[in-house]
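The next block holds one structure in the form of structure tokens; read it before the comments.
When a residue number appears, it is its place in the shown sequence, counting from 1. Numbering of ligands and ligand atoms starts at 1, following listing order.
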Amino acid sequence: MTQGSLTMTRVFRQAAALILAACLPLGAQGDAQTAVNAAFNKFRTLNEGKNADYIPALAKVNPNLFGIALVTTDGKIASAGDLTTEVSIQSISKVFTMAQVIQEQGPEAIEKRIGVDATGARFNSIIAIEAVRSTVGTGAPEMNALVNPGAISATSMVSGGSADAVWNKIIGFHNDFAGRQLTVLQDVYKSESDTNQRNQAIGALMYAYGYIKTDWKQAVDLYTRQCSIGVNAKDLAVMAATLAASGKNPITGKQVMDPAKVPAVLAVMATAGLYDDSGKWLYHTGLPAKSGVGGGIIAVSPGKFGIAVVSPPLDDAGNSVRAQRAIADISNALNGNPLAAGR
Ligand code: DON
């Protein structure tokens, strides 16, 4: 064979490999890893945003921390950056406690007691509570379980005979989603407990207005504890992938949640997951997602993958800057938008 025909054979082989790769399903040929690498390299030097500091411990977290993990519904993992450093899960925990109430009591329980509508207000707004006060008990309060008043109420709805019993259920459910034993970051829990007077006021008001029917102080404390659970980017991605896989953890194989109840969770994430910017986020990505002030964001492409990014600096709405940009890029590269036909 001549040198020329050898080169041609190599070119044909490479072209055939590329065509084959494009025809394979997501995760089979590493295009998820390519997209993750591209986003990591593109945004690692992005220096916008600022760590949350209203909880003193969060201001001390390294702002350069940046980890991306994507887990497909068949359990393949693509990742880049820091996958081991734990940050506090913060508001992302609201998804899983809401999911726990939906699992135990059905989607109607959350809809009737708390509501499934956007408030249009900040996550810890007290005016939002006053605004919906007259709708309590009507079966359709204009609120949701991903803003603090609704989230503290959702925590109060987890059944159990004592604070320890309720806590064991909450952490157990989070563990099942993550596929490992998670622990509370004690420095964050202490820091937030020392400074959570606003959430105590929210808890007291929610009790006064009949949303919370049990001990509101216990509900605020357990909510603070759940926000302090330590997670890394991979944990969060597995949790998101479990939602993407209809409630079955794709790493452990455990069916954590009834598949029929998962869409209710995703609906509230789509409506209110990124607070005031939820509409903008959905417009650009179509992905149900949830942010936390610890710097994490999870997003779910149903039937395809769960993705998570950890990067502490936040924008004015309280959402991680790098996480939003990286997830949008990666999902768009992988046709992750569930609102796009024929994806
Ligand atoms: O209630 C709080 O202030 C925090 N523990 C959680 C807030 C949070 O993560 C809002 N997220 N974007």
Ligand-side contact atoms (ligand 1) for residue partner [X], heavy atom cut-off under 4.0 Å:
| X | answer |
| --- | --- |
| E192 | 1 (O), 2 (C), 3 (O), 4 (C), 5 (N) |
| Y223 | 1 (O), 2 (C), 4 (C), 5 (N), 6 (C) |
| V293 | 7 (C), 8 (C), 9 (O), 10 (C), 11 (N), 12 (N) |
| G318 | 12 (N) |

Query raised in the report: Cation-pi between R44 and F66: NZ/CZ under 6.0 Å from ring centre and within 45° of the ring axis?
Result: no
Query raised in the report: Which atom pair, heavy atoms only, marks the closest approach of L287 to P338?
Result: CD2-CD, 3.7 Å
Are the charged groups of [X] and [Y] less than 4.0 angstrom apart, N to O?
| X | Y | value |
| --- | --- | --- |
| E108 | K261 | no |
| K280 | D277 | yes |
| D221 | R225 | yes |

Under a 3.5 Å distance rule, please check whether [X] uses its side chain to pair with a backbone N or O of [Y] as donor and acceptor.
| X | Y | answer |
| --- | --- | --- |
| E142 | A128 | no |
| K304 | G336 | no |
| D235 | V238 | no |

Report summary line: For atom 10 (C) of ligand 1, the closest protein heavy atom turns out to be S91 OG, 2.8 Å
**Report entry** Shortest protein heavy-atom distance from atom 4 (C) of ligand 1, along with the residue and atom involved
**Finding:** Q90 OE1, 3.1 Å
Should the proximity of [X] to ligand 1, defined as any heavy atom under 4.0 Å, be assigned to the side chain, the backbone, both, or neither?
| X | answer |
| --- | --- |
| C227 | side chain |
| N148 | side chain |
| T224 | neither |
| R198 | neither |

Requested in this report: Compare Y54, F123, Y189, Y275 and give the one whose heavy atom is closest to atom 12 (N) of ligand 1.
Outcome: Y275
